[in-house]
Amino acid sequence: MNVRRSAAVLAATAVIGAAAPAVAASPSPSPSVVIPSGLYGSTDPTYDGVWRQSLALLAQDTVGVKPVAKAVDWLTGQQCANGAFAAFRADASGACDAKLMVDTNSTGAAVQALTALGGHDTETGKAVAWLKSVQNKDGGWGYNAGGASDTNSTSVVIGALTAVGEKPAEVLTDGQSPYDALLKLTLPCKGDDAGAFAYQPDGKGNLATNANEDATAAGVLGALGKGFVLKPGKTAEPAACADGGYPAPQQAAANGAAYLAKAVAKDGYVIAPLAGAPDQPDYGNTADAVVALAAQGGAAQAKKPLQWLEQNSADWAKKGGPAAYAQLVFAAHATGTDPRDFGGANLVTQLNATGPTPQTAAAEKSDDSGDSGNNVWYIIGVGLVAGIGVGFLISGRNKKQQP
């Protein structure tokens, strides 16, 4: 999913839809910090280190690959004493201080990954306790503690709660659950935005969709109580938007899925509008839409965007690196598609090639199209920038309230 810090906005990225937490560094052929040996990806991890590592490890676990110990140790070593995670700590030997910007998205993603790997109850317990301690009075979460609740961040945390066996409906502040926060961000079944989720209300309290649909994809999973990894489910009837008063979470998810189905109906992909330039495909948010559609209605509902990704996502994933490969693995898994034969590509081998060799990598067949690990991230500046889609799965995306 994708997050946005309350003080910053997601800036345009060179690779549309690249899964990167929002404050990324300006494009550079070489990272500005030394890449730790246990970390996946070769670009500057300052703004997405924990995010991309969590997604990579979770994707590996999903396909039966056992990560090497140093990759897991790097992630656990990023945790602060209070349980929270920041996007990246170059020196994890010291204590986290008040200047370090921890966030709900990095923390929620780490919880989902470490829970799936097993054996990390202490770390995940502390992380969940911190997340609960910074829950807003409306039941949701913003990217930073105390920031206004947004759909993406709230959904990432719901996934973390579900992963550790918590019931999100019972995680309350002032009687409000995470689902209550999400439902306040849903749009009614009328007009072009019918059924969508807004990221946040604008300055006047009005709701509108993100141009790249990432909040809606996130909201569908959150309303269903799902995390990043979704098991293939039974095919249901295509979702239809229905108000019926204040919608229950399940109906809100169906409404969001109906909106996403409409968004991908023509071309098979989510569009990333660019100011002053022709519309372009948003690969990351298309992958997220596949997972959301499959979660609500089964693989058949996600067939068209899935096929589009199989045919068109190779170059994007190679540039996007570990988080992009992970998003495609999640999309494949949610639809019962073999990630080792995704449009002819072995996503598992390509993901493994972006970091330390996993313990079970020898069992993977070779793939000459493996990723070189050269992603490009862009800085998120303070102030409003026309943000483009980076799959909702980036909970590190930072965006101010919608204009």
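Quick note: residue numbers are just sequence positions, from 1.
Between Tyr283 and Trp308, the gap from one ring centroid to the other is short of 6.0 Å.
Judged purely by distance below 3.5 Å, without hydrogens or angles, the side chains of Asn255 and Gln251 pair a donor atom with an acceptor atom. A donor-acceptor pair shorter than 3.5 Å cannot be found between the side chains of Asn152 and Ser155. For Arg52 and Thr354, the side-chain atoms include no donor-acceptor pair closer than 3.5 Å. Side-chain contact check for Tyr179 and Gln250: no donor-acceptor pair (N or O, by modelled atom type) lies under 3.5 Å. Under the 3.5 Å distance criterion, with hydrogens and angles disregarded, a donor-acceptor pair is assigned to the side chains of Asp103 and Ser106. No hydrogens or angles considered: a donor-acceptor pair under 3.5 Å links the side chains of Thr173 and Gln135.
With a 4.5 Å cut-off on side-chain heavy atoms, Pro281 and Thr286 do not count as touching. The side-chain heavy atoms of Val270 and Val264, taken from C-beta on, include a pair separated by under 4.5 Å. Side-chain contact between Leu114 and Val72 is present, with heavy atoms from C-beta onward closer than 4.5 Å. Side-chain contact between Glu170 and Ser177: absent, with no pair of heavy atoms (C-beta onward) separated by less than 4.5 Å. Within the 4.5 Å cutoff, no side-chain heavy atoms of Gln327 are placed close to those of Phe228. Counting heavy atoms from C-beta on, the side chains of Tyr325 and Pro322 never come closer than 4.5 Å. In this structure, Thr162 and Lys226 have side chains that are not in contact, with every pair of non-hydrogen atoms separated by 4.5 Å or more.
Residues meeting the side-chain contact (heavy atoms from CB on, under 4.5 Å) test with Asn136, sequence neighbours left out: Asp138, Ser149. Taking the salt bridge (charged side-chain N to carboxylate O under 4.0 Å, His left out) definition, one finds that Lys132 meets it with Glu166, sequence neighbours left out.
Of the candidates Asn352, Val329, Leu55, Asn352 is the only one forming a side chain to side chain contact (heavy atoms under 4.5 Å, CB included) with Gln60.
Annotation: salt bridge (Lys or Arg N to Asp or Glu O under 4.0 Å) contacts involving residues 253-265, sequence neighbours excluded, are absent.
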